[in-house]
Amino acid sequence: MGDPNPAGLPFHPAPLAKSFGDSPSDNRSPALVRLLRLHQEAFQNFSQARLLDRAPSACLAVMFSGAVLLFWMAQEGGANLPAGFVWSLWLLTGVIALTVIYIRGFARHPAQGTLETATRELRKFLLYTGTAWGLGAYAVMPGQPDAALIFAFVALPGLAMILVLKDDKAMLAFCGPVMLLSLGAAAMRGWPHGLAATLGAGVICIFMLQRAIRAQRDPLAHLTQQ
């Protein structure tokens, strides 16, 4: 046999890749790329089905949080009967819509709609429900609420949704309007310590949201990037 290195040059074998992600994308076989993309699609379908499955828990979280805060606000002189009824009706509309989407999403034939469509509708009505909740800062809050009530008004539903939904877009759809509308009410109505309480609750929710987003990421998603 001939010398595989006739020039006598030093031979340094390339280190083996520790994982699929360490290999250059140019060296990936088409079969591996297809496999990784199939994995990503399966993960997305699983995440969408899981979000849809958590809709009833989100509805219960909204109703429970709303009942607790309505009672608290009534004790401080807010949430009179007409305003409390209207705010509850707004929230109930969102809860009913989420429940209908959940039932329809699992009952329909795949040919009649996809999981992606159902989750898009779910996020749209979470945006509505978050907006309805945030409007409660104008409708049912006492004239001068204490800081603890303001903090709970933002943090309680936000943390409940983050813990229940575990979906970044859905959590932002609900928590975003709650935060923005509460900040607006605190500034417009001159609540003592209102801005600080609202921002404090928002920081906690954002921190928990970032942790939830990191936890839900597909560990193999980066392998499909070109």
Of all the heavy-atom pairs spanning [X] and [Y], show the shortest one and how long it is.
X	Y	value
Phe174	Pro157	CE2-CB, 3.8 Å
Trp133	Val62	CZ3-O, 3.7 Å
Gln144	Pro192	OE1-CD, 2.8 Å
Gly77	Pro142	C-CB, 4.5 Å
Ala186	Gly194	CB-C, 3.8 Å
Ala197	Phe151	O-CD1, 3.6 Å

task: Decide salt bridge (charged side-chain N to carboxylate O under 4.0 Å, His left out) for Arg50 and Asp167; before the verdict, give the C-alpha distance in whole Å, the side-chain angles of both, and the deciding distance to 0.1 Å.
output: CA-CA 9 Å; Arg50 183 176 57 183; Asp167 178 86; over 6 Å; no

To the nearest 0.5 Å, tell me how far [X] [atom1] sits from [Y] [atom2].
X	Y	atom1	atom2	answer
Leu98	Ile103	CG	CD1	11.5 Å
Leu81	Ser88	CG	OG	9.5 Å
Ile162	Phe207	CD1	CZ	11.0 Å

query: So if you build clusters from Ile, Leu, Val, Met, Phe, Trp, Tyr with side-chain heavy-atom gaps below 4.5 Å, do Leu163 and Val203 land together?
result: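 No.
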
- prompt: So if you build clusters from Ile, Leu, Val, Met, Phe, Trp, Tyr with side-chain heavy-atom gaps below 4.5 Å, do Phe71 and Val154 land together?
  reply: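 Each belongs to a different hydrophobic cluster.
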
- request: Might you work through the side chain to side chain contact (heavy atoms under 4.5 Å, CB included) test for Leu69 and Val140, ending with a clear yes or no?
  value: CA-CA 10 Å; Leu69 287 167; Val140 292; over 6 Å; no

Would you say [X]'s side chain and [Y]'s backbone share a donor-acceptor pair under 3.5 angstrom?
X	Y	value
Trp191	Gly143	yes
Thr198	Leu195	no
Trp87	Ala132	yes
Tyr138	Ser182	no

message: For a side chain to side chain contact (heavy atoms under 4.5 Å, CB included) check, start with the C-alpha distance between Trp90 and Thr129, then their side-chain angles and the critical distance, and finish with the verdict.
response: CA-CA 8 Å; Trp90 291 344; Thr129 308; over 6 Å; no

Partner residues of Arg54 under the side-chain hydrogen bond (donor to acceptor under 3.5 Å, both in side chains) criterion, sequence neighbours left out: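 By the side-chain hydrogen bond (donor to acceptor under 3.5 Å, both in side chains) rule, Arg54 matches no residue at all.
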
